[in-house]
Amino acid sequence: MKNKMILWTAGMISLVVVLMIIIVSLEPPKEGITRSQAFKAAALLTASREECEAHQKAAGRSHFSAKEQVNWFVKYMDYLYDEDYLTEELTPANLTTAQGLLTYREASYLAARAGSSFKARVGANKHNQDSPYPEEDWWALYGAMAKELDPEGKITDVTAVLYGTPSNLEQAASWTAYTTEGDYGFEGLALDAYMDCEIRFLAREGEMIAMRELVSEDVTYPNVWLTDGSEGHFKVYLGTLSREFTVNGKMGKAEDLENNLVDLVLNRGRLVKIVLKKDRINGKVLSVTEDAIEIEGYGRLELAPNFNVYKLYGDFKTLSLKDILVGYNLQEFVAADGKLCAALVERQFDAKTIRVLLMNTGFKSLFHPSVELTVHGSAVLEYDVGEGKTESEELSDGALLQIQPGDKRLENGRLEIRPAGDEGITINSIERAQGNPTYSGSLEIRQEADGLVLVNDLYLEDYLTKVVPSEMPSSYEKEALKAQAVCARTYAYRQIQGNAYSQFGAHVDDSTNYQVYNNKETDEKTTAAVKETYGKMLFYEDKAVEAFYFSTSCGHTTDGSVWGSEGAKLPYLQAVEMRERRKTQDLTDNAAFDAFIRNPDVPSYDSSFPMYRWETDVSSDLLSGKIGGVGTVQNLTVTKRGPGGIAQELLVEGSGGNTTIKTQGSIRSTLGDPGLSIAKKDGSVMEGSDLLPSAFISIEKRSADDGTISFHIYGGGFGHGAGMSQNGAQGMAREGKDYREILDFFYKGTELREQ
């Protein structure tokens with residue numbers, strides 16, 4: 001009996017072993033991954049596509065033959081060869097190898113370069129080393145390596161709907177996939193089977209690494225613009241590109257559907273439903289935030305998910321939320337279920353009005369603890385009472401109004417005061433250089449968490465009449481004032497489009513952050529300068545210029561690089577001598593600039609002005625307290641100068657280490673202080689401020705008998721030095737130049753147009 005039991009047990013074990021062998025032999029082998037795909041992914045563990053391309057260009061050679069270097073995978077494999085993740089002995093550099101399957105041996109070699117623990121994970125041995133490494137195992141290994149080699153998380157897991165590739169979009173760029181989460185390169189991947197599907201993929205900095213999962217074949221394209229309907233077809237804009245769809249009779253006629261906002265519902269790439277959204281509203285936009293838009297007459301309306309902005313006039317274009325300008329009624333809004341689904345921009349921006357955020361006394365804050373104002377002439381006070389309804393009050397001439405936080409009239413939004421005449425509101429709770437300022441246009445008051453916000457809505461030309469005297473003395477020559485008016489108008493035009501304060505319903509504030517507004521009384525001369533240049537602005541290649549200006553030059557301007565790489569692309573901002581001949585001196589060498597700036601007699605249009613040359617002393621003790629990590633400051637050296645000699649980098653050497661201060665703004669902030677005494681060219685002295693007057697400086701170290709160190713600074717000019725010198729414009733006007741000649745000098749190649 002015992003022997004029978006042993007034989008039965010042994011038989012069962014044998015049977016199980018045989019069954020396991022049969023199951024294993026019948027199980028299909030795991031699929032491998034091509035070397036080109038695996039090596040692209042491996043390269044993107046430590047570098048972006050652009051960095052691989054730059055590496056290839058810098059190397060000036062390739063491991064592949066000249067004939068094969070056109071292939072997309074070459075840059076990735078070259079990068080891996082040069083970084084020793086691949087060897088040509090193990091993986092020859094040719095097309096055949098790249099198209100073949102990754103082996104255990106190659107995966108093991110690459111993993112070992114990433115870390116010894118990864119090599120062990122591959123499990124290569126003498127039996128499988130030349131066999132294909134399973135794709136599933138590769139991506140598991142890849143995820144582990146990414147945690148080690150990509151600590152910053154540049155490799156991301158993205159879920160999106162794929163709506164375009166070059167195979168279905170004529171306007172698509174090569175190897176570019178268009179998704180609801182942005183555009184991605186997809187070199188070496190096959191995506192067409194996933195069109196109009198939700199997919200999950202790995203990506204690094206705009207390049208797909210791998211398609212990982214089909215998430216859903218049921219997708220909806222919400223809030224898209226449908227147009228050009230005819231003969232059963234229509235065009236729809238998805239993101240930045242357009243697609244054509246076929247519509248069957250049950251959904252309606254294509255020509256009846258065009259020029260509408262719709263939701264498109266698809267299943268397995270086939271259009272199954274169209275949801276029309278026809279409710280339209282319009283009105284002046286009062287504020288724009290990330291989740292809502294306030295519209296005059298409707299109040300604050302929430303944005304639906306996938307809110308879109310479409311430009312319908314001229315060439316169709318997809319815009320962004322920041323392109324919805326406050327203070328203007330340029331668009332219709334499409335609404336559904338109580339939310340805004342899209343904005344349809346139908347008219348061009350004309351820059352007729354501007355909305356100014358009024359800061360408190362001293363320009364220290366956007367918020368006011370309370371507001372007191374006097375009305376001149378009759379006025380209407382209107383406020384929102386909820387559900388899009390308003391109530392109004394009549395205000396008589398001389399009415400005194402006090403608004404405190406918590407005022408019931410502010411519960412549902414803003415309060416607006418609209419005077420019947422010009423110069424209708426004096427704000428008694430604000431002090432300016434002229435006293436209590438008086439404003440034309442309307443005044444809006446809104447309560448925020450930090451206090452009350454005041455917005456002055458007025459005509460742009462009226463705004464300019466109060467900017468020009470605040471930015472340039474009214475005693476200056478009329479042609480200089482006219483040049484200033486054109487610059488101020490051009491600057492304001494760009495700032496309105498910039499929409500920086502849209503959350504408060506404003507374009508600019510009234511401080512030096514933008515242009516100083518209503519700090520000084522208007523003047524006949526400055527008002528005439530605005531009127532005589534009505535609507536005129538500076539353009540370069542059909543775009544309003546960056547009309548930067550500053551107080552005084554040092555005898556030479558700088559170029560747009562003072563604002564960084566973007567500014568360097570502004571060709572009309574040039575570094576030139578402030579003289580008739582308009583040449584460019586090379587003042588980037590310290591010796592050349594030192595000789596230039598220490599000479600007060602260098603001829604210039606603004607050489608007669610006190611700030612043309614100035615000097616000051618900065619103590620080591622002062623700097624040591626401001627600059628951390630260097631100990632006691634022992635020396636200062638300008639190590640890099642930009643065009644015109646402006647300091648761009650300052651080396652600070654200290655007892656505890658060195659540091660470099662970069663950009664003219666940071667250098668001026670580091671060396672500036674309200675306690676400085678600044679001697680001007682005319683012998684007068686002024687107090688310093690948080691910023692040094694300019695970064696056109698030469699530095700001389702001085703040591704006293706008691707061992708204390710100070711730095712004598714020879715400087716010139718006042719301001720950043722790019723664009724128009726206001727005192728230079730005055731000097732040119734004195735010599736008989738008109739405002740057109742002045743503007744052409746400072747903004748070379750621009751065109752003066754009336755907008």
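Because the structure is a prediction, the values reported are computed rather than measured. For the numbers below, each heavy atom of this structure counts, side chains included, while hydrogens, waters and symmetry mates do not.
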[X] side chain to [Y] side chain, donor-acceptor N/O pair below 3.5 angstrom:
X: Ser511; Y: Asn513; answer: yes
X: Ser429; Y: Glu372; answer: no
X: Thr426; Y: Thr438; answer: yes
X: Asp323; Y: Ser320; answer: yes
X: Thr663; Y: Ser666; answer: yes

Less than 4.5 Å apart, side chain to side chain, heavy atoms only: is that true for [X] and [Y]?
X: Leu358; Y: Leu443; value: yes
X: Glu741; Y: Asp738; value: yes
X: Leu636; Y: Leu671; value: yes
X: Val453; Y: Ile445; value: no
X: Phe504; Y: Ser287; value: no

Compare every heavy atom of [Y] with every heavy atom of [X], then report the nearest pair and how far apart it is.
X: Asn658; Y: Val630; answer: C-CG1, 4.0 Å
X: Gly644; Y: Ala575; answer: N-CB, 4.2 Å
X: Leu692; Y: Thr616; answer: CD1-CG2, 4.3 Å
X: Thr374; Y: Asn428; answer: OG1-ND2, 2.9 Å
X: Ala488; Y: Val467; answer: CB-CG1, 4.1 Å
X: Thr490; Y: Ala544; answer: CG2-CB, 4.2 Å

What distance do [X] atom [atom1] and [Y] atom [atom2] have between them, rounded to the nearest 0.5 Å?
X: Ile417; Y: Leu401; atom1: CD1; atom2: CG; result: 5.0 Å
X: Gln515; Y: Cys487; atom1: CD; atom2: SG; result: 9.0 Å
X: Leu623; Y: Ile709; atom1: CG; atom2: CD1; result: 10.5 Å

Between [X] and [Y], does at least one N-O distance fall below 4.0 Å, as a salt bridge requires?
X: Arg582; Y: Glu580; answer: no
X: Glu700; Y: Arg702; answer: yes
X: Lys748; Y: Asp744; answer: yes
X: Arg355; Y: Glu444; answer: yes
X: Lys466; Y: Glu471; answer: no
X: Lys543; Y: Glu541; answer: no

>> Assess the residue pair Asn590 and Thr639 against the criterion (side chain to side chain contact (heavy atoms under 4.5 Å, CB included)); give the C-alpha distance rounded to whole Å, side-chain angles, the decisive distance to 0.1 Å, and a yes or no.
In response: CA-CA 8 Å; Asn590 273 344; Thr639 54; over 6 Å; no
>> Show, in sequence, the C-alpha distance, side-chain angles and deciding distance for Ser561 and Asp559, and conclude whether the side chain to side chain donor-acceptor pair (under 3.5 Å) test is met.
In response: CA-CA 6 Å; Ser561 63; Asp559 67 8; 2.5 Å; yes
Which residues satisfy the ring pair (Phe, Tyr, Trp, His ring centres under 6.0 Å) test with [X], sequence neighbours excluded?
X: Phe711; answer: none
X: Tyr501; answer: Tyr514
X: Tyr439; answer: Tyr517
X: Tyr476; answer: none

Quick one: salt bridge (charged side-chain N to carboxylate O under 4.0 Å, His left out) pairs with a partner in [range], sequence neighbours left out?
range: residues 431-443; answer: Arg432-Asp510
range: residues 472-499; answer: Glu461-Arg489, Lys478-Glu532, Glu479-Lys482, Lys482-Glu532, Arg494-Glu546
range: residues 601-616; answer: none

Taking everything shown except [X] itself, do over 12 heavy atoms lie less than 6.0 Å from its [atom1]?
X: Glu754; atom1: CD; answer: yes
X: Lys701; atom1: NZ; answer: yes
X: Lys626; atom1: NZ; answer: yes

> Listed by chain and number, what are the side chain to side chain donor-acceptor pair (under 3.5 Å) partners of Lys569, not counting sequence neighbours?
Replying inline: Glu566
>> Students often mix this up, so state it plainly: with edges at 30° and 60°, are the rings of Tyr493 and Phe349 parallel, tilted or perpendicular?
In response: tilted
> Any idea how Tyr549 and Tyr491 line up, ring-wise: parallel (<30°), tilted (30 to 60°), or perpendicular (>60°)?
Replying inline: perpendicular
>> Would you say the ring centers of Phe718 and Trp614 fall short of 6.0 Å from each other?
In response: no
>> Show me the pairs that pass side-chain hydrogen bond (donor to acceptor under 3.5 Å, both in side chains) and involve residues 689-698, at least two apart or across chains.
In response: Asp594-Ser698, Arg598-Ser698
>> Which residue in the set Arg414, Lys284, Arg418 passes salt bridge (Lys or Arg N to Asp or Glu O under 4.0 Å) when paired with Asp457?
In response: Lys284
Under the side chain to side chain contact (heavy atoms under 4.5 Å, CB included) test, which residues partner [X], sequence neighbours left out?
X: Lys364; value: Asn360
X: Asp586; value: Thr588
X: Glu577; value: His556, Arg579, Arg581, Lys583, Gln585

> Pick from Tyr605, Tyr572, Tyr739: which one makes a ring-ring contact (aromatic ring centres under 6.0 Å, His included) with Phe745?
Replying inline: Tyr605
> Going through the distances and angles, do Arg734 and Ser608 end up as a side chain to side chain contact (heavy atoms under 4.5 Å, CB included)?
Replying inline: CA-CA 12 Å; Arg734 283 175 176 168; Ser608 64; 3.6 Å; yes
> Just checking, Lys311 and Tyr313: is the charged tip under 6.0 Å from the six-membered ring centre and within 45° of the axis?
Replying inline: yes
>> Between Met578 and Thr557, is the side chain to side chain contact (heavy atoms under 4.5 Å, CB included) condition met? List the steps.
In response: CA-CA 7 Å; Met578 289 289 295; Thr557 63; 3.8 Å; yes
> Asp673 and Val618: side chain to side chain contact (heavy atoms under 4.5 Å, CB included), yes or no, with the steps?
Replying inline: CA-CA 9 Å; Asp673 190 84; Val618 184; over 6 Å; no
